[in-house]
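Side chains are part of it too, since the values below use all heavy atoms of this structure and drop only hydrogens, waters and symmetry mates.
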Amino acid sequence: MNSDPENQYVHHCRITDDGAVIFRCDTDSTKWPWLSLHPAHSIAVQSVNYFASVGASHAAGRLDPKKWSALTSLQWQTFTHEDNALPATHGVVDPQPDPDKADYAISLFNEQGDPVYRFTGAGVVFHNRDFKAWRAKARAEIMSLPEPEIFNYAAPEVVGVSQPVESFVSDLLQEGDTSKVQALVTSANGFMPAHPYHDGSGDHVNAGHLCDVAQQAAHTLRYRAGKEAAFPVAGRVTFKRYVELDRPFEVRLKENLTKADMISISFWQGEHHCADLVFQY
């Protein structure tokens, strides 16, 4: 989460007569380190979605400071997958059909006008006091679980990352027809500057973390199926409950037709089913 009003990902926003928001994107990777990743990398995908949606909504006056909002589902497509793919330089947020909801749709394009991303998200809006009470109770339940003394993260080459600090998951295990990994994102390893790309509130495991964890787990599953390394071309995720930092969670994977071209993933922490995600390759 970026709190600096002088350092925003979207700029030169213009509101059309029908309520669409047209904007430009900052392409400075010194400000936004995740821009150095391939545009289809899950960290880049989720970072663009967050900063574009929040920045454009703020410019349009759609964010109510007296209320909290939470993303409940997101679908996305990535359109550029070549090695030298260009990042997004501009985009448009569709007119908002219902101002009382946190739903949105965004299209982003590169400098040549080619599509890079399409996002459609849905969310819920609630008052601060209700949210804070629920959040405190849910978090306390998970934080009462024991903190692991040692967590064995998979080697970077196994999960498709560059350095050990980027690995959030264990080696792949098999249980019946379900593959699984354990995952752990901490307040120490999950955010810049310790992590080279992830930013956030530090309150919980963010959507960007979950999609990164899913991509790492899917990488190992596709490798086992004999597939070449690749980023997903589309995905969808539904959030049911926050995943807490500093406590392990389980990631369960099922592949389609044993080809690992479509992978269904669910996230569990404690006894709670926290989120569902599907990657398409």
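Counted within 6.0 Å of OH on Tyr223, heavy atoms from surrounding residues, nucleotides or ligands total 12 or fewer; the atom is thus considered open. Atom CD of Glu228 has 12 or fewer heavy atoms from other residues, nucleotides or ligands within 6.0 Å. Other residues, nucleotides and ligands contribute over 12 non-hydrogen atoms within 6.0 Å of the CD atom of Gln174. Within a 6.0 Å sphere centred on NE2 of His58, heavy atoms belonging to other residues, nucleotides or ligands number 12 at most. Other residues, nucleotides and ligands place no more than 12 heavy atoms under 6.0 Å from the CD atom of Glu175. Summarising the local packing, CZ of Arg14 is surrounded by 12 or fewer heavy atoms from other residues, nucleotides or ligands at distances under 6.0 Å.
Neither Val159 nor Leu184 shares a network with the other; the hydrophobic side chains, linked directly or stepwise wherever heavy atoms of I, L, V, M, F, W or Y lie under 4.5 Å apart, form separate groups for each. Each of Leu37 and Phe79 belongs to its own hydrophobic cluster when Ile, Leu, Val, Met, Phe, Trp and Tyr are linked at side-chain heavy-atom distances under 4.5 angstrom. Residue Tyr50 is grouped with residue Leu71 when hydrophobic side chains (ILVMFWY) are merged at heavy-atom distances under 4.5 angstrom, including chains of intermediate members.
Between the side chain of Gln215 and the main chain of Ser42, a donor-acceptor pair closer than 3.5 Å is present. A distance-only check finds no donor-acceptor pair linking the side chain of Tyr9 to the backbone of Thr27 [under 3.5 Å]. With Asn206 contributing its side chain and Gly208 its backbone, the two residues share no donor-acceptor pair below 3.5 Å. Of the possible donor and acceptor atoms, none in the side chain of Asn84 sits under 3.5 Å from a partner among the backbone N and O of Leu86. Side chain of Gln216 to main chain of Ser167: no donor-acceptor pair is present (N/O by atom type, distance under 3.5 Å, no hydrogens or angles). Here the side chain of Ser107 pairs no donor or acceptor atom with the backbone of Phe119 at under 3.5 angstrom. Within the 3.5 Å criterion, the main-chain N or O of Leu74 finds no donor-acceptor partner in the side chain of Arg236. Counting only distance, with no hydrogens or angles, the side chain of Thr186 and the backbone of Ala188 share a donor-acceptor pair below 3.5 Å. Between the side chain of Ser29 and the main chain of Trp32, no donor-acceptor pair closer than 3.5 Å is present.
Between Ile265 and Val251 there is a side-chain heavy-atom pair separated by less than 4.5 Å. Using a 4.5 Å heavy-atom threshold, the side chains of Val21 and Val92 count as separate. With a 4.5 Å cut-off on side-chain heavy atoms, Cys274 and Lys240 do not count as touching. Considering only heavy atoms from C-beta on, Phe51 stays 4.5 Å or farther from Val10 through its side chain. Side-chain atoms of Val243 and His204, non-hydrogen and from C-beta on, never get closer than 4.5 Å to each other. Between Arg247 and Gln269, some side-chain heavy-atom pair lies under the 4.5 Å cut-off. Asp246 is listed as a side-chain neighbour of Ser187, based on a closest heavy-atom distance under 4.5 Å. Within the 4.5 Å cutoff, no side-chain heavy atoms of Leu108 are placed close to those of Pro115.
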(request) Test ring-ring contact (aromatic ring centres under 6.0 Å, His included) on His209 and Phe191 and set out the steps. (result) CA-CA 10 Å; His209 290 120; Phe191 304 92; 5.0 Å; yes
(message) Evaluate Val205 against Glu244 for side-chain contact (heavy atoms from CB on, under 4.5 Å), listing each step before the verdict.
(response) CA-CA 6 Å; Val205 177; Glu244 303 299 342; 5.9 Å; no
(request) For the pair Leu253 and Thr178, evaluate side-chain contact (heavy atoms from CB on, under 4.5 Å) and give the outcome as yes or no after the intermediate values. (result) CA-CA 6 Å; Leu253 306 95; Thr178 300; 6.0 Å; no
(request) Take Cys13 and Ile22 through the test side-chain contact (heavy atoms from CB on, under 4.5 Å) and record every step on the way to the result. (result) CA-CA 6 Å; Cys13 297; Ile22 299 172; over 6 Å; no
(request) Begin from the C-alpha positions of His38 and Phe231 and carry the test ring-ring contact (aromatic ring centres under 6.0 Å, His included) through to its verdict. (result) CA-CA 9 Å; His38 190 283; Phe231 297 120; 5.4 Å; yes
(request) Show your reasoning for whether side-chain contact (heavy atoms from CB on, under 4.5 Å) applies to Gln163 and Glu166. (result) CA-CA 6 Å; Gln163 52 187 314; Glu166 296 176 60; 2.9 Å; yes
(message) Run Phe279 and His219 through ring-ring contact (aromatic ring centres under 6.0 Å, His included) and show every step you take.
(response) CA-CA 11 Å; Phe279 278 148; His219 179 91; over 10 Å; no
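Between Met143 and Leu245, the shortest heavy-atom distance links the atoms SD-O, 3.7 Å. The minimum heavy-atom distance between Ile15 and Ala59, with the atom names listed, is CD1-O, 4.4 Å. Heavy-atom minimum distance, Asp261 versus Lys227: OD1-NZ, 3.3 Å. Smallest separation of non-hydrogen atoms from Pro156 and Ser162: CB-C, 4.2 Å. Considering every non-hydrogen atom in both Arg139 and Asp203, the closest pair reads NE-O, 4.1 Å. Between Tyr117 and Ala88, the shortest heavy-atom distance links the atoms CE1-CB, 4.2 Å.
Going from atom CG of Asn110 over to atom SG of Cys25 covers 10.5 Å, rounded to the nearest 0.5 Å. For the atom pair OG1 (Thr16) and CG (Asp94), the distance works out to 10.0 Å, reported to the nearest 0.5 Å. Remark: Asp276 CG to Leu210 CG distance equals 11.0 Å, nearest 0.5 Å. Once rounded to the nearest 0.5 Å, the distance linking CG of Leu172 with NZ of Lys180 reads 11.0 Å. Between the CG atom in Asp212 and the CD1 atom in Ile43 there is a gap of 4.0 Å [rounded to 0.5 Å]. With values rounded to the nearest 0.5 angstrom, Leu35 atom CG is found 13.0 Å from His41 atom NE2.
A donor-acceptor pair shorter than 3.5 Å can be found between the side chains of Ser179 and Arg224. Side-chain polar atoms of Trp76 and Asn49 form no donor-acceptor pair below 3.5 angstrom. Using modelled atom types, one finds a donor on one side chain and an acceptor on the other under 3.5 Å when comparing Glu250 with Gln182. For Asp26 and His11, the side-chain atoms include no donor-acceptor pair closer than 3.5 Å. Side-chain contact annotation: Trp34 with Ser36, donor-acceptor N/O pair under 3.5 Å absent.
Every residue meeting the ring-ring contact (aromatic ring centres under 6.0 Å, His included) condition with Phe109, not counting sequence neighbours, appears here in chain and number order: His90.
A side-chain contact (heavy atoms from CB on, under 4.5 Å) with Val116 holds for exactly one of Thr80, Thr78, Val48; it is Thr80.
Relative to the six-membered ring of Phe267, Arg252 misses at least one condition, a distance below 6.0 Å or an angle of at most 45° to the axis. Both tests pass for Arg135 against the ring of Tyr242: distance under 6.0 Å to the centre and angle within 45° of the axis.
For Arg241 and Glu141, the salt-bridge test passes: some basic side-chain N is under 4.0 Å from an acidic carboxylate O.
Between Tyr153 and Phe151, the ring planes lie tilted relative to each other; the angle falls in the 30° to 60° range.
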